[in-house]
Amino acid sequence: MTARTTARTRTALVIGGGIAGPVAAMALHKAGIEATVYEAYDSTGHPAPSLSSAGGMTIAPNGQQALEAIDAAETVRAIGTPVTALGLRSWTGRHLARLAPPEHLPTTRFVWRTELHEALAAEATRRGIPFQRGKRLLDATDTGTGVTARFSDGSLAKADVLIGADGLRSTVRSLIDPSTPKPHYAGMLTFTAHVQKTELPSTEGVLYMCYGKRAYFAYQIRDDASAVWTVNLPHREPMTSAEAQAVGAVEWLRRLAQTFTDDRTPAPDLVAATAPEDLLITGPTETMPPLTTWSRGRMTLIGDAAHATPPTSGQGASLASESAVQLARCLRDLPPGQAFKAYESLRRPRVDRILKHTTATATATSAAARTATPKPAGPVSRALRDALLPMATRVGGAGGAVWGAWQFDHPIAWDERVE
Ligand SMILES: Cc1cc2nc3c(=O)[nH]c(=O)nc-3n(C[C@H](O)[C@H](O)[C@H](O)COP(=O)(O)OP(=O)(O)OC[C@H]3O[C@@H](n4cnc5c(N)ncnc54)[C@H](O)[C@@H]3O)c2cc1C
């Protein structure tokens, strides 16, 4: 083996300043590798319309464990609202199941996406990591001993390796494999809203998911009488984020009110109590087939760029954080080529398992309902689902229904050497 191929990584270009990017940069920093983050948008909070720019999300215990490995879990704890359990309800308002997470793990947190981006970027900056905004990667050249990146403002940057943390529509992914398929529309539009004040009682930390008659509705009512809700609205015709924005919040609230008119859940009240300026039109859901390779030469992928999971999994951001931390461990202990191989072997089985589980759960819990697809459930399907769902969710054994189970418990042994 030549010195060239055995040399350890000293510097890295991290493309994308969403979730995976700053987490990777902090992990690399901890591993003694100099990293710089390059983010396409030039302001924090990414102006809409962008799929990844708005809305809320839950950060699962395993995502927080990944952050703990690099001493950054406080970023999520500081901005997140605890979600202590998951409640499932039918459109009639019936409580179908209540799932609690394993007790020894960090509590799932609901965060606003823009706040999470800002918190992670601020923490990376606080640690002395350069975070450059307004830097959209156009192209990159692998010289064999390093990578030169070219940005839309004409600037260049060089480092030993380049890490694509640039999301579902990754540019780095096409540089690694130009034949890679594009993400495709999954038949749903998503919305998230913040309700300033509702008369409904607090859900005491529980996040409820309602299998509405025409669409899926999730909500949590806080102790201060505010609420958050999110909708997956089946929409057969593909619509871009910009097109969905153009419809306008007033019109969407009208359509959503119609969608939930028959439901005997808090959905009609919460939609009615939402001010148009508090509706976030998060846009179309998209899926991505698994990639044949995540790495080529001195370039590799993390987060959605490598392994996008459906939003219904509630795992995308957490898996992105896990991959970012594991990649840094590999680059700390091995030269780039071997490190990328080790990283893929470490990560693929878990990512594939979660992807399979998400599909299986969607099938089990909504075999009849088909909640994960554009077609809403018919009356027979709904009845079947409501009868089967309490059983389908009882995966925890003697303790009853457990939320997350094996997915949620994934500590990363940072100090362990990668061979
Ligand atoms: C509606 C919806 C709900 C979701 N809910 C959840 C949830 O509850 N829990 C969960 O864990 N996950 C959820 N997800 C998934 C989660 O959002 C993603 O898995 C996560 O954002 C992936 O992080 P990332 O850093 O890989 O990508 P992103 O967050 O998309 O960040 C990519 C970054 O790269 C930048 N970028 C793109 N191209 C370039 C370029 N050429 N040059 C420089 N920068 C570039 C972008 O501006 C962006 O900042 C949801 C997704 C959606 C769509």
Side-chain angles (χ1 to χ4, degrees), residues 13-25 37-47 50-64 66 76 80 83 108-114 116-118 120-121 131-140 149-153 157 162-175 183 186 188-192 207 209 218 228 230-233 241 244 280-288 301-324 351 354 358 407-408:
L13 309 175
V14 178
I15 309 301
I19 298 167
V23 176
V37 180
Y38 296 90
E39 165 57 44
Y41 285 96
D42 58 9
S43 65
T44 55
H46 308 171
S50 153
L51 179 70
S52 61
S53 70
M57 63 199 311
T58 52
I59 305 298
N62 51 300
Q64 295 177 57
V76 167
V83 177
T108 294
R109 304 256 163 184
F110 175 92
V111 295
W112 293 104
R113 189 184 291 271
T114 48
L116 179 63
H117 283 185
E118 281 169 26
L120 290 172
F131 201 106
Q132 299 206 20
R133 299 182 188 281
K135 294 279 183 184
R136 178 171 292 279
L137 178 86
L138 292 184
D139 201 1
R150 187 167 64 83
F151 298 95
S152 54
D153 62 359
L162 181 144
I163 297 166
D166 50 348
L168 197 64
R169 303 195 162 275
S170 170
T171 300
V172 181
R173 187 169 60 217
S174 345
L175 294 173
M188 283 187 297
L189 300 176
T190 58
F191 302 84
T192 309
L207 175 71
M209 298 194 167
V228 291
T230 176
V231 166
N232 292 346
L233 182 71
S241 234
L280 297 165
I281 303 161
T282 34
T285 52
E286 294 180 298
T287 53
M288 184 70 207
L301 301 170
I302 54 174
D304 274 11
H307 47 65
T309 53
T312 45
S313 76
Q315 277 290 337
S318 293
L319 288 180
S321 303
E322 287 179 11
S323 287
V351 167
I354 286 185
T358 303
Q407 294 184 46
F408 279 5

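Order of listing sets the numbers, starting from 1, for every ligand and every atom in it.
For Phe131, there are no ring pair (Phe, Tyr, Trp, His ring centres under 6.0 Å) partners two or more places apart in sequence or in a different chain.
Using a 4.0 angstrom heavy-atom cutoff, Ile15 counts as in contact with ligand 1. Taking 4.0 Å as the cut-off, Arg113 counts as a neighbour of ligand 1 on heavy-atom distance. Not a single heavy atom of Gly55 sits under 4.0 Å from any atom of ligand 1.
Ligand 1 has an N or O atom lying under 3.5 Å from an N or O atom of Ala317, backbone or side chain. For Gly316, a nitrogen or oxygen atom sits less than 3.5 Å from a nitrogen or oxygen atom of ligand 1, counting backbone and side chain alike. Polar contact with ligand 1: present for Thr58 (N/O pair, distance under 3.5 Å).
Residues Ser170 and Asp304 form no side-chain contact, since every pair of their non-hydrogen atoms from C-beta on lies 4.5 Å or further apart.
Residue-level proximity to ligand 1 for Glu286 is absent, since no heavy atom of it falls below 4.0 angstrom. Contact annotation: for Tyr38 versus ligand 1, heavy atoms closer than 4.0 Å belong to the backbone alone. The proximity of Ala308 to ligand 1, defined as any non-hydrogen pair under 4.0 Å, does not occur for either the backbone or the side chain.
Heavy-atom proximity to atom 25 (O) of ligand 1, evaluated over Ala60, Gly16, Ala20, is greatest for Ala20.
Among pairs with a residue in residues 307-317, none fulfils salt bridge (Lys or Arg N to Asp or Glu O under 4.0 Å), at least two apart in sequence or across chains.
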